[in-house]
Novice: 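The structure that follows is given in the form of structure tokens.
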Amino acid sequence: MRELAKFYITTPIYYVNDKPHIGHAYTTIAADVIARWHRLKGEEVFFLTGTDEHGEKAEQAAKKEGKTPKEFVDGIVDQYIRIWKELNISYDYFIRTSDPSHEKIVKQLVEKIYKNGDIYKGYYEGWYCVPDETFWTDLQLKDGKCPECGRDVKKIKEESYFFKLSKYQDKLLEFYKKNPGFLSPKFRSKEILNRVEDGLKDVSITRTTIKWAVPFPMDEKHTLYVWIDALINYISALGWPDGKRFKEFWPADIHLIGKEINWFHSVIWPALLFSAGIEPPKKVFAHGWWTIDGKKISKSLGNAIDPVALAKKYSLDAFRYALLREMPLGDDGDFSEKTLAVRLNNELAAELGNLLNRAVTIAEKYDGAIEGSPELESSLNVDKIDEAMERINTFDALSEIFLFIKAANKYVNDKEPWKLKGKELGGVLYNLLESLRIISILISPFTPGTSEKINAQLGVKAGALEDCKFGKHAYKVKKGEYLFKKIEN
RNA sequence: AGCGAGGUAGGGUAGUCUGGAGUGCCCGUUGGGCUCAUAACCCAAAGAUCGGUGGUUCAAAUCCACUCCUCGCUACCA
């Protein structure tokens, strides 16, 4: 038996002091689309998401609500799981850093790094702004004061264990050089490269003040800094070191992350893995941020968007589509309901929905044989779409898919099938129905629910990527509801 | 401040590496065509001193220098 290609993609694990907003939804939907695309290609996919549950902020948030940290995070985790279900996220496993199995593996890995001599005891020194409860480095201070509020800062000296990140500077640089695709997208790789070339400081990896965390195995007074704990999720979820999944799926094909956490994933994470003798992931892809109507998302502006509400208002698939259609993954983009509505009305309803509707209407009235020569085949370029998806460019992929949809609409206009009869009509219908069947496959990672509806109206089964070519298929056409309803605004 | 990215029609982009008529795409605007279909679909047109100045060249959005503007990153909150 031929062994299936393996594909492992992860989202960040989301921190639980807050409810999921559009940023979380974007990352997760994008990962979902990529995962579904690779399933379409017949690969064996493992798609991981989860929650990062330790640390001071979760501890405080729990206190505020009079709950234990565990009770508190359980509540938030339930929300995440429910929302991912509503957004049709096809993850294979949901990891929680409070899982005992995760904790055990984290300790095991830290011990291994310690034994390799890469962890030592030292003192963390920094500036602390008491009212803001925030640490700052020398560089960040503004005229010796807190850069946020301008008030005086206090020098803090705290016992801490450090990871010898500096030791891995050369190894990291060599690794980046040998694996040019690792730092993605390209325009972001220089930010990391330059900083690593400037020199690396060792990282403080333990705290003495935080209880809600994984205990540091070598010293009971310390707990592990949450980031270290969090990063390890990517292998603990696979059951490192001996788990079957670890052997099958590691190294990860893509860690999809937001640009704000690029440093941890592109520098600290591979260094930790080097130290533990584990292969680093193949690619870290940092996507951009959304602005909402041209403004940054922030709590003070109160413009955080609830993804579920949007999905309800405009339909889930329109929302998923709009997120991935707006800009190439990696760039920053602006999100507005107005654009979403325009895309829904013009692209999904008018181009795709209407194409199906007009084809199905004609086909239902026709009772001859649906067969002919594939005249629309030349407008379809599946390789180009796949190539865009391999570059993680959903924007280009959707553009290419919609070029084919446009070509099909034009074909209808040119052929004027409502004037045709018999064999001629059968030939046009063959091209239309085959095109729709293929379109349904191609868009299924983006809009899975819509593909199901198309398949139902055509009377065909869901296909794989290799079925995206003109061939012979039997149809049982039955007109159904509109794929997308236009929305007035 | 240091490092990085970018400034192309009303908006968004491709083209820049490997110079060759401002060439393309999406939205928007205007006019027309068609009528199977969700007042949809198709065609066409208008609209840009390619941030600015100077240079190299027969020829510059593209190469060089300078300049203006915008944005991002700068490690221990996640």
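Not measured: the values here are computed from a predicted model. In what follows, every chain begins at residue 1, and chains take the letters A, B, ... in the order their sequences are listed.
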Novice: Taking atom types as modelled and ignoring hydrogens, do the side chains of A/Lys479 and A/Thr361 form a donor-acceptor contact shorter than 3.5 angstrom?
Specialist: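 Side chains of A/Lys479 and A/Thr361: pair found under 3.5 Å.
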Novice: Under a 3.5 Å cut-off for both distances, is B/rU62 Watson-Crick or wobble paired, and to whom?
Specialist: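 Pairing partner: none.
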Novice: With sugar-phosphate meaning primed atoms plus P, OP1 and OP2, does A/Gly258 contact a base, only sugar-phosphate, or nothing at under 4.0 Å between heavy atoms?
Specialist: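 No contact at all - A/Gly258 keeps every heavy atom at 4.0 Å or more from the nucleic acid.
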Novice: Could you tell me how far apart A/Phe162 (CZ) and B/rC76 (C1') are, to the nearest whole angstrom?
Specialist: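 For the pair A/Phe162 CZ and B/rC76 C1', the rounded distance is 9 Å.
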Novice: With side-chain contact (heavy atoms from CB on, under 4.5 Å) as the criterion, how do A/Phe484 and A/Ser315 come out once you've worked through the C-alpha distance, each side chain's angles and the decisive distance to 0.1 Å?
Specialist: CA-CA 8 Å; A/Phe484 295 94; A/Ser315 86; 3.9 Å; yes
Novice: NZ of A/Lys410 versus C1' of B/rC43: gap in Å, rounded?
Specialist: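 One finds 8 Å between C1' of B/rC43 and NZ of A/Lys410, rounded.
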Novice: Can you tell me which nucleotide in B/rA75, B/rG72, B/rC36 comes closest to the side chain of A/Arg195?
Specialist: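 When the side chain of A/Arg195 is considered, B/rA75 is the closest of B/rA75, B/rG72, B/rC36.
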Novice: Side chain of A/Glu351 only, heavy atoms from C-beta on: which candidate in B/rG4, B/rC36, B/rC27 is closest?
Specialist: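 So the side chain of A/Glu351 is nearest to B/rC27.
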Novice: Is A/Lys313 salt-bridged to A/Glu337, going by a charged N under 4.0 Å from an acidic O?
Specialist: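 Counted as a salt bridge, because a side-chain N and a carboxylate O are separated by less than 4.0 Å.
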Novice: B/rG52 and B/rC69: how far apart are their C1' atoms, nearest whole angstrom?
Specialist: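 Taking atom C1' in both B/rG52 and B/rC69, they lie 10 Å apart.
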Novice: Contact class for A/Asn194 (heavy atom, under 4.0 Å): base, sugar-phosphate, or nothing?
Specialist: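 The answer is sugar-phosphate, as A/Asn194 gets under 4.0 Å only of primed atoms, P, OP1 or OP2.
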Novice: Please report the distance separating the P of B/rG51 from the corresponding atom of B/rA46, rounded so that it comes out in whole Å.
Specialist: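 Roughly 23 Å separates the two P atoms.
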Novice: Expressed in whole Å, how much space separates the P atoms belonging to B/rG31 and B/rC36?
Specialist: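 Nearest-Å result for B/rG31 against B/rC36 at atom P: 25 Å.
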Novice: Under 4.0 Å, heavy atoms only, any strand: does A/Asp202 hit a base, just the sugar-phosphate, or nothing?
Specialist: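 Since a base atom lies under 4.0 Å of A/Asp202, the category is base.
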Novice: Answer yes or no: is there an ion pair linking A/Glu387 with A/Lys384, defined by an N-O contact shorter than 4.0 Å?
Specialist: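 Judged by the 4.0 Å cut-off on N to carboxylate O distance, A/Glu387 and A/Lys384 do not form a salt bridge.
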Novice: Please work out if A/Phe484 contacts a base, only the sugar-phosphate, or nothing of the nucleic acid, heavy-atom cut-off 4.0 Å.
Specialist: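 Counting heavy atoms under 4.0 Å across all strands, the contact made by A/Phe484 includes a base.
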Novice: Name the closest nucleotide to the A/Val412 side chain, picking from B/rU38, B/rC36, B/rC3.
Specialist: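 My answer, after comparing the listed nucleotides, is B/rC36.
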Novice: Across the strands shown, which category fits A/Leu200 at heavy-atom distances under 4.0 angstrom: base, sugar-phosphate, nothing?
Specialist: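 A/Leu200: base contact, heavy atoms under 4.0 Å.
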Novice: Is the shortest side-chain N to carboxylate O distance from A/Glu375 to A/Lys415 below 4.0 Å?
Specialist: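 Yes, A/Glu375 and A/Lys415 are salt-bridged.
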Novice: What nucleic acid atoms does A/Val226 come within less than 4.0 Å of, heavy atoms only: base, sugar-phosphate, or nothing?
Specialist: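 Sugar-phosphate contact only - A/Val226 comes under 4.0 Å of backbone atoms but never of a base.
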Novice: How long is the line joining NZ of A/Lys201 and P of B/rU74, in whole Å?
Specialist: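 After rounding, the reported distance stands at 12 Å.
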Novice: Find the distance A/Lys259:NZ to B/rG4:C1' and express it as a whole number of Å.
Specialist: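 Between C1' of B/rG4 and NZ of A/Lys259: 12 Å.
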Novice: Applying a 3.5 Å limit to both distances, which nucleotide forms a Watson-Crick or G-U wobble pair with B/rG2?
Specialist: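 Checking every strand shown, B/rG2 finds its partner in B/rC73, with both distances under 3.5 Å.
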Novice: Considering every strand and a 4.0 Å limit on heavy-atom distances, what is the contact class for A/Lys406: base, sugar-phosphate, or nothing?
Specialist: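 Sugar-phosphate: the residue A/Lys406, judged by heavy atoms under 4.0 Å, touches backbone atoms but no base.
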Novice: Which value, in whole Å, describes the distance between the P atoms of nucleotides B/rG4 and B/rC66?
Specialist: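 Pairwise P distance, B/rG4 against B/rC66, rounds to 14 Å.
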Novice: Taking donor-acceptor contacts at under 3.5 Å, does the side chain of A/Lys57 reach the base of B/rC77?
Specialist: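 Yes.
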Novice: Considering every strand shown, what is the Watson-Crick or G-U wobble mate of B/rG19 when both distances are under 3.5 Å?
Specialist: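 Result: none.
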Novice: From B/rG33, B/rG4, B/rC27, pick the nucleotide closest to the side chain of A/Asn413?
Specialist: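 Selected nucleotide: B/rG33.
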Novice: When you compare B/rC73 with B/rA65, how far apart are their C1' atoms, in angstrom units rounded to a whole number?
Specialist: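 To the nearest whole Å, 27 Å.
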Novice: Counting just side-chain N and O atoms, does A/Tyr225 come under 4.0 Å of either OP1 or OP2 of B/rA78?
Specialist: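 Yes, within the criterion.
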Novice: For a quick test of reading the model: is some side-chain N or O of A/Lys419 closer than 4.0 Å to OP1 or OP2 of B/rU35?
Specialist: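 Yes, A/Lys419 has a side-chain N/O under 4.0 Å of OP1/OP2 on B/rU35.
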Novice: Counting the atoms with a prime plus P, OP1 and OP2 as sugar-phosphate, which does A/Ala350 contact under 4.0 Å by heavy atoms, base, sugar-phosphate, or nothing?
Specialist: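 The answer is sugar-phosphate, as A/Ala350 gets under 4.0 Å only of primed atoms, P, OP1 or OP2.
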Novice: On a whole-Å scale, what distance lies between the P atoms belonging to B/rA39 and B/rA21?
Specialist: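 Result for the P pair: 44 Å, nearest Å.
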Novice: Between B/rG55 and B/rC71, how far is it from one P atom to the other, in whole Å?
Specialist: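 So the two P atoms sit 32 Å from each other.
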Novice: Over how many whole Å does the gap from A/Asp198 atom CG to B/rU74 atom P extend?
Specialist: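 Between P of B/rU74 and CG of A/Asp198: 13 Å.
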Novice: Taking for each residue the nucleotide of RNA chain B with the nearest heavy atom, is it A/Leu403 or A/Tyr482 whose nucleotide lies nearer the 5' end?
Specialist: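 Whichever sits nearer the 5' end wins; that is A/Leu403.
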Novice: Assess the side chains of A/Glu158 and A/Ser160: does a donor N or O sit below 3.5 Å from an acceptor N or O?
Specialist: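 Not at all, the side chains of A/Glu158 and A/Ser160 share no donor-acceptor pair under 3.5 Å.
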Novice: Without decimals, in angstroms, what is the distance between A/Ile261 CD1 and B/rC77 C1'?
Specialist: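 It works out to 13 Å between those atoms.
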Novice: For B/rC41, does OP1 or OP2 lie under 4.0 Å from any side-chain N or O of A/Asn346?
Specialist: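 It does not, given that no N or O in the side chain of A/Asn346 lies less than 4.0 Å from OP1 or OP2 of B/rC41.
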Novice: Quantified in whole Å, what is the P atom distance between nucleotide B/rA44 and nucleotide B/rC26?
Specialist: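 Between the two P atoms, the distance is 11 Å.
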Novice: Categorize A/Leu483 for me: base, sugar-phosphate, or nothing, with a 4.0 angstrom heavy-atom threshold over every strand shown.
Specialist: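 A/Leu483: base contact, heavy atoms under 4.0 Å.
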Novice: Show your working on side-chain contact (heavy atoms from CB on, under 4.5 Å) between A/Ile443 and A/Tyr321 and close with a plain yes or no.
Specialist: CA-CA 9 Å; A/Ile443 62 163; A/Tyr321 171 80; over 6 Å; no
Novice: By the 4.0 Å heavy-atom rule, please label A/Gly353 as base, sugar-phosphate, or nothing.
Specialist: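 Answer is base: heavy atoms of A/Gly353 come under 4.0 Å of a base.
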Novice: By the 4.0 Å heavy-atom rule, please label A/Thr361 as base, sugar-phosphate, or nothing.
Specialist: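 It contacts sugar-phosphate atoms only.
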Novice: Hey, is A/Trp227 stacking on B/rC76? Ring centres under 5.5 Å, planes under 30°.
Specialist: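 Not stacked: fails the 5.5 Å / 30° test.
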Novice: From CH2 of A/Trp263 over to C1' of B/rC77, roughly how many Å is that when rounded to an integer?
Specialist: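 Nearest whole value for this atom pair: 17 Å.
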Novice: Which base, if any, makes a Watson-Crick or G-U wobble pair with B/rC50, both distances under 3.5 Å?
Specialist: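 In the structure as shown, B/rC50 has no Watson-Crick or wobble partner.
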Novice: Report the base-pairing partner of B/rA45 (Watson-Crick or G-U wobble, both distances below 3.5 angstrom), or none.
Specialist: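 Paired with B/rA45, as far as the under-3.5 Å criterion goes, is B/rU29.
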Novice: Side chains of A/Tyr14 and A/Thr28: any donor to acceptor distance under 3.5 Å?
Specialist: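 Yes, a side-chain donor-acceptor pair sits under 3.5 Å.
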Novice: Starting at CD1 of A/Ile268 and ending at P of B/rU74, how long is that distance when rounded to a whole Å?
Specialist: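 In whole Å, B/rU74 P lies 12 Å from A/Ile268 CD1.
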Novice: Which pair of non-hydrogen atoms, one from A/Phe402 and one from A/Arg325, has the smallest distance, and what is that distance?
Specialist: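 It is CB-NH2, 4.4 Å.
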Novice: Given that both distances must come in under 3.5 Å, which nucleotide forms a Watson-Crick or G-U wobble pair with B/rU56?
Specialist: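 B/rU56 is paired with nothing.
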